[in-house]
Q: 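Once you've had a glance at the structure underneath, I'll fire off some questions.
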Protein chains: 2
Amino acid sequence: MADVNFDTAVTRSIEPAAERGPAPLRWDIIELLFFAYRDFVGDADQVLDQFGFGRAHHRVVHFVHRYPGLKVADLLDVLRITKQSLGRVLKQLLDEGYIVQKSGEMDRRQRLLFATAKGEALVAQMAGLQTARIERALRDFAPGETAAISRFLSGMIDHDDPDKVLQVILGTANGTSET
Amino acid sequence: MADVNFDTAVTRSIEPAAERGPAPLRWDIIELLFFAYRDFVGDADQVLDQFGFGRAHHRVVHFVHRYPGLKVADLLDVLRITKQSLGRVLKQLLDEGYIVQKSGEMDRRQRLLFATAKGEALVAQMAGLQTARIERALRDFAPGETAAISRFLSGMIDHDDPDKVLQVILGTANGTSET
DNA sequence: AAGATATGTCAATATGGCTGACGTAAATTT
DNA sequence: AAATTTACGTCAGCCATATTGACATATCTT
């Protein structure tokens with residue numbers, strides 16, 4: 001199985017040496033992020049398959065659970081999809097009783113979204129698997145190091161985003177988890 | 001715009017808090033990962049749009065560039081898709097000259113894949129944007145902290161994966177399960 | 001010669017994005 | 001009060017990317 005020249009790959013083979021300082025690319029972090037995220041969402045996929053849902057359902061019910069009373073428009077900002085795309089998924093979650101909606105009291109055009117106990121249970125099941133992965137990965141770090149990890153992830157995010165949910169997260173992200 | 005009770009959301013509303021402890025969930029890391037990865041791939045999306053490609057093309061040409069001589073079967077393992085899905089994307093990249101293939105010398109059934117200069121340029125352009133984001137996020141960390149960040153990302157990955165590319169990335173390390 | 005393997009391909013289907021257009025109720029502005 | 005804007009829903013169709021199953025071909029292994 002020595003077919004692929006992984007050694008060449010690791011030491012970097014073809015680099016445009018035209019300029020003097022090609023500004024080294026962070027292949028290491030780029031690929032670690034790819035695989036970390038792949039396995040991270042893989043945890044949720046296992047659960048979703050059992051419920052006949054896809055990743056889109058996860059994202060919707062997750063944010064609705066976490067930010068009760070979220071408006072449809074807020075959700076569109078967070079997920080960065082169109083209302084048509086959201087509509088399909090949201091309708092299923094409403095029909096199957098994972099989410100309910102109430103009209104806004106101040107503005108009755110708004111449909112405020114809330115997760116039901118059923119929806120909460122689904123979210124918690126997936127978050128449980130992902131939390132296990134996270135705790136496993138964080139197990140041997142000093143408190144200062146785990147804080148650095150949080151700050152790094154926060155630093156990877158575009159902070160100039162007008163998204164309201166994101167503002168909340170970035171405002172409180174430096175604290176530790178609640179509960 | 002005080003419609004949504006973000007405050008309630010942050011302090012968490014519907015959680016069985018009275019009991020001994022349902023194992024606190026790491027909502028903080030879960031959501032930071034979501035947004036960090038969303039913006040991270042967003043960098044590549046900008047470039048891909050200009051080329052008329054999608055994320056699938058990025059993944060393929062990235063790994064082919066990074067691990068020259070990769071077999072089709074290896075690529076399927078890394079990307080975790082079927083060969084039918086890969087075939088469509090790979091064919092485009094071959095037709096448009098981003099990738100070339102050569103028959104394996106020891107096993108001529110194999111099609112070993114290599115990125116062309118054109119393919120390499122595309123990958124480098126996307127990696128450049130992502131590297132800028134990474135360097136920005138890592139700017140103010142001590143060396144020990146950046147090492148911790150890499151170890152964390154590595155720890156988030158399933159190490160018992162038979163995937164050959166992953167083994168190289170993880171340092172050709174053990175086959176130890178995730179204890 | 002027989003079987004397994006690596007790859008390619010055809011056909012059908014599902015999911016989850018997209019755009020554009022239109023409708024309705026409710027809030028806001030004039 | 002009327003006009004306009006906003007929040008949301010929906011219909012219709014298109015595209016990208018994923019799926020499964022079946023089958024073809026070349027090549028390596030036994």
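Heavy atoms only: backbone and side chains are in, while hydrogens, waters and symmetry mates are out. Residue numbers start from 1 in every chain, and the chains themselves are labelled A, B, ... in the order their sequence lines are given, proteins ahead of strands. Predicted, not measured: the structure shown is a model, and the values here were computed from it.
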Q: Let me know the distance between CD of B:Q92 and C1' of D:dA18, rounded to the nearest Å.
A: 14 Å
Q: From the options C:dT7, D:dA12, D:dG9, select the nucleotide whose nearest atom is closest to the side chain of A:Q84.
A: D:dA12
Q: Between the side chains of A:R38 and A:D43, is the shortest nitrogen-to-carboxylate-oxygen separation below 4.0 Å, so that they form an ion pair?
A: no
Q: What I want to find out is whether A:R80 reaches A:D163 closely enough, with some N-O distance under 4.0 Å, to be called a salt bridge.
A: no
Q: Looking at A:T82, does any N or O in its side chain come under 4.0 Å of the phosphate oxygens OP1/OP2 on C:dG17?
A: no
Q: I want to verify a distance call: between D:dC8, D:dT19, C:dA6, whose nearest atom is closest to the B:S85 side chain?
A: D:dT19
Q: Mind calculating the distance between CG (A:D95) and C1' (D:dG9) to the nearest angstrom?
A: 13 Å
Q: With a cut-off of 3.5 Å and sequence neighbours excluded, list every side-chain donor-acceptor pair involving residues 88-101 of chain B.
A:
residue, atom, partner, partner atom, Å
B:K91, NZ, B:D95, OD2, 3.2
B:Q92, OE1, B:H57, NE2, 3.1

Q: Grab the CG-P distance between A:D74 and D:dT6 for me, whole Å please.
A: 16 Å
Q: Which heavy atom of A:L33 sits nearest a heavy atom of B:Y37, and at what distance?
A: O-CE1, 3.7 Å
Q: How does protein contact run along nucleotides 22-30 of chain C, one letter per nucleotide 5' to 3', with B for base contact, S for sugar-phosphate only, - for none, heavy atoms under 4.0 Å?
A: ----BS---
Q: Please name the pair of heavy atoms, one in B:I29 and one in A:L153, separated by the smallest distance, quoted to 0.1 Å.
A: CG2-CD1, 4.3 Å
Q: Which part of the nucleic acid does A:Q101 contact within heavy-atom distance under 4.0 Å: base, sugar-phosphate only, or nothing?
A: sugar-phosphate
Q: Just the rounded figure in Å: distance from P of D:dC8 to NZ of A:K91.
A: 18 Å
Q: Under the criterion side chain to side chain contact (heavy atoms under 4.5 Å, CB included), I'd like the reasoning laid out for A:F35 against B:V78: C-alpha separation, chi angles, the key distance, then a yes or no.
A: CA-CA 9 Å; A:F35 287 104; B:V78 178; 3.8 Å; yes
Q: Using whole Å, what does the distance between atom C1' of nucleotide D:dA7 and atom CG of A:L76 come to?
A: 10 Å
Q: From CZ of B:R111 over to C1' of D:dC28, roughly how many Å is that when rounded to an integer?
A: 14 Å
Q: Under 4.0 Å between a Lys/Arg side-chain N and an Asp/Glu carboxylate O for B:D77 and B:K164?
A: no
Q: Would you mind telling me which residue lines up with the more 5' stretch of DNA chain D, B:R80 or A:G87, judged by nearest nucleotide?
A: A:G87
Q: A:E120 and A:A115: which non-hydrogen atoms are nearest, and at how many Å?
A: N-CB, 4.3 Å
Q: Of the residues in residues 42-58 of chain A, which ones touch DNA chain C at a heavy-atom distance under 4.0 Å?
A: A:G54, A:R55, A:A56, A:H57
Q: Do A:L112 and A:S103 make a side-chain contact, defined as non-hydrogen atoms from C-beta onward lying under 4.5 Å apart?
A: no
Q: Tell me: CZ of A:R88 to C1' of D:dA12, nearest whole Å?
A: 12 Å
Q: How long is the line joining CD of B:Q110 and P of C:dT7, in whole Å?
A: 6 Å
Q: For A:L86 and for B:L94, locate the closest nucleotide of DNA chain C by heavy-atom distance; then report the residue assigned to the nucleotide nearer the 5' terminus.
A: B:L94
